Amino acid sequence: MIRVLLVDDQALVRAGFRALLDAEDDLEVVAEGANGREAVNLAGRHRPDVALIDIQMPVLDGIQATRQIAADPALSGVHVVILTNYGLDEHVYAALRAGAAGFLVKDTEPEDLLHGVRVAARGDTLLSPVITRRLISEYLTHPPAGARGAELAALTRREREVVALAARGLSNDEIAARMVISVATAKTHISRAMTKLRARDRAQLVVLAYEAGLVVPGGG
């Protein structure tokens, strides 16, 4: 059973999402909140597998709530998925840097929402290849100052190659096919790179790859 925390300041939105999630045999909404402070407190109390958190809320916004959850070692198993009305807006990159595992637009198709929750619960990034490429194109054109290139020295050549492919939006299956290795080996390389770069999840690994200059926005 995948345990879900749902946090949104609109009761109607929460009710709709809850009805959709609770109708599934493998999903259960364990708690609801209406602001970012409640998101942090409820995450600590219930330790959900996935926390669906609205990006714009009173008291504490979704980005700040995500940052606090991600910073708590006791909540390392909580995968935050940001909910937004606006698609790829300027807040998404900040949310990923804060520790979000991905994001969903509120008007997404129901099956995509359910799939997204299951993907996040597995610890995979919720950024599909298409979304990743759009994010790269629109919001990583100018990488932030203070590149983290020195951290890449800890990676092996194969790990660097795998991380670069992941940052370009390739799935594990696509990485394995491109490098002519097994999917399990691709996953191992990703896992080791995450550990070495202290990335909470694959989404942060993508962000770090761009910050470190491993790949260039718009590059092939």
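Everything quoted here is computed from the prediction, not taken from an experiment. When reading the values below, keep in mind they use all heavy atoms of this one structure, side chains included, and skip hydrogens, waters and symmetry mates.
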Let me know which of Ile53, Leu104, Val4 forms a side-chain contact (heavy atoms from CB on, under 4.5 Å) with Val81. Leu104
Got more than 12 heavy atoms from elsewhere within 6.0 Å of CZ, Arg158? yes
Show your working on side chain to side chain contact (heavy atoms under 4.5 Å, CB included) between Asp8 and Lys106 and close with a plain yes or no. CA-CA 11 Å; Asp8 193 293; Lys106 287 185 180 181; 2.6 Å; yes
Please report the interatomic distance CD1(Ile2) to CG(Asp26), rounded to the nearest 0.5 Å. 5.0 Å
Minimal non-hydrogen separation, Leu83 against Asp54, with atom names: O-OD1, 3.2 Å
Shortest non-hydrogen contact between Met1 and Asp25, atoms and distance: CE-O, 3.1 Å
Ile69 and Ala43 have their tightest heavy-atom pair at CD1-CB, 3.9 Å
How many angstroms lie between CE in Met57 and CD in Gln10, if you round to the nearest 0.5 Å? 11.5 Å
Between Val117 and Val50, what is the shortest heavy-atom contact and its length? O-CG2, 3.6 Å
Is the closest side-chain heavy-atom distance between Leu197 and Leu155 below 4.5 Å? yes
Start with the C-alpha distance between Ile181 and His189, add both sets of side-chain angles, then the distance that settles side chain to side chain contact (heavy atoms under 4.5 Å, CB included), and finish with yes or no. CA-CA 11 Å; Ile181 57 178; His189 285 317; 4.2 Å; yes
Are the side chains of Leu114 and Leu21 in touch, meaning some heavy atoms are under 4.5 Å apart? yes
Backbone N/O of Gly62 and side chain of Thr66: donor-acceptor pair under 3.5 Å: yes
Please round to the nearest 0.5 Å and tell me the distance separating atom CG of Asp112 and atom CG of Asp107. 10.5 Å
Hey, what do you get for CD (Glu174) to CZ (Arg178), rounding to the nearest 0.5 Å? 8.0 Å
Nearest heavy-atom contact between Ile63 and Asp61 is N-OD1, 3.1 Å
Are side-chain heavy atoms of Leu5 and His46 found at a separation under 4.5 Å? no
Arg47 side chain to Gly44 backbone, donor-acceptor under 3.5 Å: yes
Could you pull out all donor-acceptor pairs under 3.5 Å where a side-chain atom in residues 29-41 meets a protein atom, sequence neighbours excluded?
from, atom 1, to, atom 2, distance (Å)
Glu32, OE1, Arg14, NE, 2.9
Glu32, OE2, Arg18, NH1, 2.8
Asn35, OD1, Arg37, N, 3.0
Asn35, OD1, Glu38, N, 2.9
Arg37, NH1, Gln68, OE1, 3.3
Glu38, OE1, Ala34, N, 2.6
Asn41, ND2, Arg37, O, 3.4

Report the distance from atom CD of Glu111 to atom CG of Leu20, rounding to the nearest 0.5 Å. 9.5 Å
For residues Asn172 and Ala186, report the shortest heavy-atom separation together with the two atoms involved. O-CB, 4.0 Å
Can Leu27 and Arg118 be said to form a side chain to side chain contact (heavy atoms under 4.5 Å, CB included), step by step? CA-CA 9 Å; Leu27 302 176; Arg118 294 180 177 114; 4.2 Å; yes
